[in-house]
> 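Pasting in a structure now, in structure tokens, and then I'll have a few things to ask.
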Amino acid sequence: SQTIHQWPATLVQPVGSPLSLECTVEGTSNPNLYWYRQAAGRGLQLLFYSVGIGQISSEVPQNLSASRPQDRQFILSSKKLLLSDSGFYLCAWSLTGAYGYTFGSGTRLTVV
Amino acid sequence: KQEVTQIPAALSVPEGENLVLNCSFTDSAIYNLQWFRQDPGKGLTSLLLIQSSQREQTSGRLNASLDKSSGRSTLYIAASQPGDSATYLCAVRQTNAGKSTFGDGTTLTVKP
């Protein structure tokens, strides 16, 4: 069966520090991978998605970047965090075609 | 650009009541629509996935319907229980690569 791992669960970082959130998927090949951010009490905003190794599409210009160094690994990064980067970050995977999403457990990021 | 709306934003019902959650979308050219449940501070758990060619899907006490022509989906919960208290989000998938647009969710409280 397929599983998705996302870590860490919570993170408190000072303004200006770097960020690296990692997401890995097991039990499937060539998944589509996504990073979403959720503001308090709101829906999900798509940040990045990837349909293959090294292929990253950015949906929102911002202080963040994403990379996909391996087929089932997706990394969200920042060189210098801003206060506005605080939020709940969710990784998800799907397959091309009429498939649904499966989400990770999320990372609560607080920038102080 | 697809827009997804969920009304009401919050709903409170007594235990045992049947209820309907609504999801509206502006562009009927969709691949599928997915309903999720989110508990506070947690990731999203998939409840039901309806393909564009389907009219409804059922799982236990849950029934989701889809009317593409009117841009609407409903999630019906029968005999609600306090454990059903959570935020329910719908997501509309539009492209083969799997980009989806999420509603802001309806927060459901079921009172014992």
Side-chain angles (χ1 to χ4, degrees), chain A residues 1-11 21 23 25 28 30-52 55-60 68 74 87-110, chain B residues 1-10 21 23-25 29-54 57 59 64 66 68 73 86-109:
Chain A
S1 63
Q2 302 91 357
T3 57
I4 179 169
H5 303 280
Q6 188 179 344
W7 67 92
T10 60
L11 192 59
L21 303 180
C23 173
V25 179
T28 188
N30 197 30
N32 296 330
L33 297 172
Y34 312 87
W35 279 110
Y36 280 87
R37 179 169 58 197
Q38 185 177 35
R42 299 300 303 275
L44 277 67
Q45 179 188 38
L46 179 63
L47 302 176
F48 301 95
Y49 71 97
S50 171
V51 298
Q55 302 178 58
I56 309 294
S57 296
S58 174
E59 290 294 301
V60 181
R68 184 170 177 173
F74 206 22
F88 192 49
Y89 289 83
L90 289 155
C91 179
W93 75 273
S94 182
L95 294 175
T96 297
Y99 292 91
Y101 277 41
T102 300
F103 279 85
S105 54
T107 295
R108 174 73 59 190
L109 172 65
T110 304
Chain B
K1 177 184 177 183
Q2 179 75 274
E3 294 182 1
V4 180
T5 304
Q6 292 186 248
I7 296 174
L21 305 180
C23 172
S24 301
F25 49 94
I30 67 173
Y31 268 70
N32 57 44
L33 186 145
Q34 194 170 5
W35 282 94
F36 294 89
R37 169 188 173 133
Q38 185 177 30
D39 294 296
K42 304 295 184 182
L44 277 68
T45 300
S46 179
L47 297 174
L48 290 165
L49 174 67
I50 310 177
Q51 303 299 339
S52 62
S53 59
Q54 297 176 321
Q57 282 285 338
S59 176
L66 175 63
K68 283 199 310 178
S73 176
T87 297
Y88 292 80
L89 297 98
C90 66
V92 176
R93 178 163 175 166
Q94 284 198 269
T95 68
N96 196 38
K99 289 169 54 177
S100 289
T101 302
F102 284 76
D104 287 348
T106 295
T107 299
L108 173 66
T109 301

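Chain naming here is simple, since letters A, B, ... match the order of the sequence lines and numbering starts at 1 in each.
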> Could you measure the distance from the CG atom of B/Leu49 to the OH atom of A/Tyr101? Nearest 0.5 Å is fine.
11.5 Å

> How many angstroms lie between OG in B/Ser100 and OH in A/Tyr36, if you round to the nearest 0.5 Å?
5.0 Å

> Evaluate whether atom CD of B/Glu3 has more than 12 neighbouring non-hydrogen atoms of other residues, nucleotides or ligands under 6.0 angstrom away.
no

> So, taking the atom named OG in A/Ser94 and the one named CG in B/Asn32, what distance separates them when rounded to the nearest 0.5 Å?
7.5 Å

> Atom OG1 of B/Thr87 and atom CD of A/Gln38: how far apart are they, to the nearest 0.5 Å?
8.0 Å

> Where do A/Leu90 and B/Gln38 come nearest, in terms of heavy atoms and distance?
CD1-NE2, 4.4 Å

> Please flag which part of B/Leu89 lies under 4.5 Å from any non-hydrogen atom of chain A: side chain, backbone, both or neither.
side chain

